[in-house]
Number of protein chains: 2
Amino acid sequence: MSFNDLISGALTTTGQVRNEPVQARSSERIGALLDAASAVVAEVGIERLTTAMVAERAGASIGTVYRYFPDRIAVLSAMSLRGFERFLRKSVDNLEAASPSTIDGVFDCLIDASVEMHRTEPGYTSIRLSDQIALPEVEGGTTSARVAGPLAAILTDELGVVDDDLVNRLDIALTIADALIVRAFISAPRGDEAAIAATRAVVGSYLGSSVHA
Amino acid sequence: MSFNDLISGALTTTGQVRNEPVQARSSERIGALLDAASAVVAEVGIERLTTAMVAERAGASIGTVYRYFPDRIAVLSAMSLRGFERFLRKSVDNLEAASPSTIDGVFDCLIDASVEMHRTEPGYTSIRLSDQIALPEVEGGTTSARVAGPLAAILTDELGVVDDDLVNRLDIALTIADALIVRAFISAPRGDEAAIAATRAVVGSYLGSSVHA
DNA sequence: CTGTCGATGATCGAGTTCCGTTCGGTGACG
DNA sequence: CGTCACCGAACGGAACTCGATCATCGACAG
């Protein structure tokens, strides 16, 4: 049990490509298609993304898009999933680099990872917002719920946190963090620094008052 | 200045019907169309709502839908706006009935109103989630931002709250409340009672630690 | 080791279907 | 009888399909 288990624990969904690619170039194609989709979302928004735009920007044909994704929404879902994976990867990297000894420290790593995602990944903020409902195909419950379980195990194991309702409290803390970070990126494209700082403060305060090590 | 000013303060947008109805039956039609849209959203989600579904369920023809709304997204925007209006109305009713003397009391009224909206209005949860991004046409910034301003004025005026950063803190509190209530309705269709109670506690705790009367 | 060959994966894009939107005609109100 | 409300066939464009074509790779002979 280590920080790295966060990834395997939170990633239960397999992915929603139509046919698993066999040749190497396919994986690149899928990546290129998702990059294109991400850029298109950042430009025109989720609602106005067309499969033709994605294909053209990726230098592929319409048919290729539909070879890998069953429909338009699946492209968005896959974008969402890849973003989630990257967020987890960044989180684990941060955790292993910082080796935090408090829950606040752990959340700082997660918040940093999330902020970086919003900064580097075009369209991530849009996707994050529509996640649950506009994309009901994304299975496995809320993002926060998927992270809360494995995170609780890690906290108990690594930091010796004892709390009979830890999963629930983590879920709440993650939901709050997510909402406030998105808020920071709605009010400013590069993320409102004061709002990000406020996120850390609020989450820290919540965890401090309810979770004890 | 009274609780009732919350409505006029937060509702700056005028509405997006194409032609203001002249005859009485028109208003009923619009209501019926929005009811139908709400039901469709609850059933198939925002992405898969088609104008034909809305028309059929409202017992109207396609043409009638387009007589009142310029396009598909406008139907969703109008749904969102009507929901927001109803939320404000309920909030003011609750506030006038309870005459709260603390900020916590005020937020209890707002939370009650929000919970009731999620319970009674099919599709409200979906619309609430996609608010900002999937419907960029909804002007005036975040819901929380639109409420925070007028609410701050009321709190200062009615309860004598003094806080130089009140608007910002209210925005945060409203964002948290919104996210946690939506969370409660994602995990259970009728709203998870424990999660709703947790929402009250978290928001109360945040306001208590940061806003002083 | 190299070149050929067949099988299967990958790509393409014209064609089909479905959905958003328009518009001219018909009925209802006042 | 003029205006308002309503309808639904028709249009355009976007989602999605499918058979044809090209690329890759292992097998096998020379």
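Lettering of chains follows the sequences in order, A, B, ..., and the numbering in each one begins at 1. Side-chain atoms are counted along with the backbone in the values below, which use heavy atoms only and exclude waters and symmetry mates. Everything numeric in this text was worked out from a predicted model, so none of it was measured.
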- Task: Would you indicate whether the side-chain heavy atoms of B:P100 and B:F3 approach each other to under 4.5 Å?
- Result: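 A side-chain contact under 4.5 Å exists here.
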[Y] backbone acceptor or donor facing [X] side chain under 3.5 Å:
X: A:S77; Y: A:I73; result: yes
X: A:T175; Y: B:L180; result: no
X: B:T64; Y: B:A60; result: no

- Tell me: CZ of A:F69 to C1' of C:dA10, nearest whole Å?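 One finds 14 Å between C1' of C:dA10 and CZ of A:F69, rounded.
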- Item | Rounded interatomic separation in angstrom, taking CZ from A:R67 and P from D:dA23 |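 So the two atoms are 16 Å apart, to the nearest Å.
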- Check A:L33 against A:V54 and note the closest heavy-atom contact, atom names and distance.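 That would be O-CG1, 3.7 Å.
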- Query: If you take all heavy atoms of B:L34 and B:F69, which pair is closest and at what distance?
  - Reply: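 Looks like CD2-CZ, 3.8 Å.
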- Query: Phosphate oxygens OP1/OP2 of C:dA10: is one of them under 4.0 Å from a side-chain N or O of A:R29?
  - Reply: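 Indeed not, no polar side-chain atom of A:R29 lies that close.
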- Task: Applying ring-ring contact (aromatic ring centres under 6.0 Å, His included), name anything that partners B:Y124, two or more places apart in sequence or on another chain.
- Result: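 Residues passing ring-ring contact (aromatic ring centres under 6.0 Å, His included) with B:Y124: B:H118.
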Table of protein N/O atoms under 3.5 Å from nucleotides 17-20 of chain C N/O atoms:
residue	atom	partner	partner atom	Å
C:dG20	OP1	B:L49	O	3.4
C:dG20	OP2	B:T51	N	3.0
C:dG20	OP2	B:T51	OG1	3.1

Give each protein N/O atom lying under 3.5 Å from an N/O atom of nucleotides 13-15 of chain C, with the pair distance.
none

- Query: So is A:R146 actually on top of A:F84's ring, under 6.0 Å and inside 45° of the axis?
  - Reply: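 So A:R146 does make the cation-pi contact.
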